[in-house]
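Working notes, structure below.
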Amino acid sequence: MSTLKTNTLTGTTSAGSIVVTGEGGSTTTNLQQGLIKSWVNFDGRGNMTPRDSFNVSGIVDNGTGTYTVSFNNDFSNANYATSFAAGDYSGTEDAGINQYIHTFATGSVTMLTFHYSNGGVVDVTALTSQQSGDLA
């Protein structure tokens, strides 16, 4: 067994691009494209301080059930992919929570959380979001 230690990986044809061959050797993945570029976990009823995060400069509470997550490093365009999950672990929102992405921007994403049963916006205790795409 060998150990490889390095601080920098550089592609041979493009400095920022390394292709990884998948299982079975039939597919390849661009390592740069396959990385999560931003993620956050925070309490939507708290002071908007992330529990933990990567490439997140801040969170704004835009009002009940509406949050904007801003990135340290912007995306090259607003066509990046994002996934978002919300839940309420305080026991007060037992009807279920739905969520959707409201606005994509190169430097931020705005998310909404609402009751599954009545559609009303609601603050929740657990929100997570992650983004993939090209950084500017």
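Because the structure is predicted, anything quoted here is derived from the model rather than measured.
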Notebook entry, point to check: Rounded to the nearest 0.5 Å, how far apart are CG of Asn73 and OG of Ser38?
Noted result: 9.0 Å
Item checked: Residue pair Ala86 / Leu127: nearest heavy atoms and the distance that separates them -> CB-CD2, 4.2 Å
Check: Residues two or more places apart in sequence or in another chain: which of them pass side-chain contact (heavy atoms from CB on, under 4.5 Å) with Leu35?
Finding: Leu31, Lys37
Notebook entry, point to check: Same hydrophobic cluster for Phe42 and Val60, using side-chain heavy-atom links shorter than 4.5 Å among ILVMFWY?
Noted result: no
Check: What distance do Met111 atom CE and Gln99 atom CD have between them, rounded to the nearest 0.5 Å?
Finding: 10.0 Å
Margin query: Please give me the minimum heavy-atom distance between Gly65 and Val121, naming the atom from each residue.
Written below: CA-CB, 4.4 Å
Check: How far apart are the closest heavy atoms of Ser129 and Thr82, and which atoms are they?
Finding: OG-OG1, 3.6 Å
Notebook entry, point to check: Do Asp74 and Leu135 touch side chain to side chain, with heavy atoms closer than 4.5 Å?
Noted result: no
Item checked: Donor on one side chain, acceptor on other, Asn41 and Asp52, under 3.5 Å -> no
Next item on the list: Using the test side chain to side chain donor-acceptor pair (under 3.5 Å), find all partners of Asn79 that sit at least two apart in sequence or belong to another chain.
Entry: none
Item checked: Short side-chain to backbone donor-acceptor contact, Asn55 and Asn72, under 3.5 Å -> yes
Margin query: Please verify the inter-ring angle class for Phe75 with Tyr80; under 30° counts as parallel, over 60° as perpendicular, anything in between as tilted.
Written below: parallel
Check: Which pair of non-hydrogen atoms, one from Leu112 and one from Thr66, has the smallest distance, and what is that distance?
Finding: CD2-OG1, 2.8 Å
Check: In the hydrophobic cluster built from side-chain contacts under 4.5 Å, what are the other members alongside Trp39?
Finding: Ile36, Phe54
Check: Do Gln130 and Thr128 have side-chain N/O donor and acceptor atoms under 3.5 Å apart?
Finding: no
Checklist line | Main-chain N/O of Val122 paired to Thr113 side chain as donor or acceptor, under 3.5 Å | finding: yes
Note to self: Which heavy atom of Asp43 sits nearest to which heavy atom of Val124, and what is that distance?
What the structure shows: OD1-O, 3.6 Å
Check: If you measure from CD1 on Ile101 to OG on Ser83, what distance do you get to the nearest 0.5 Å?
Finding: 8.0 Å
Check: Which class fits the ring pair Tyr100 and His102: parallel under 30°, tilted 30 to 60°, perpendicular over 60°?
Finding: tilted
Next item on the list: State which residue, out of Asp61, Thr110, Asp123, fulfils the side-chain hydrogen bond (donor to acceptor under 3.5 Å, both in side chains) condition with Tyr67.
Entry: Asp123
Check: Between atom CG of Asn98 and atom CZ of Phe114, what is the distance when rounded to the nearest 0.5 Å?
Finding: 4.5 Å
Checklist line | Pairwise side-chain contact, Phe71 with Thr106, heavy-atom cut-off 4.5 Å (strictly under) | finding: no
Check: Yes or no on side-chain contact (heavy atoms from CB on, under 4.5 Å) for Val69 and Ser108, after CA distance, side-chain angles and deciding distance?
Finding: CA-CA 5 Å; Val69 175; Ser108 65; over 6 Å; no
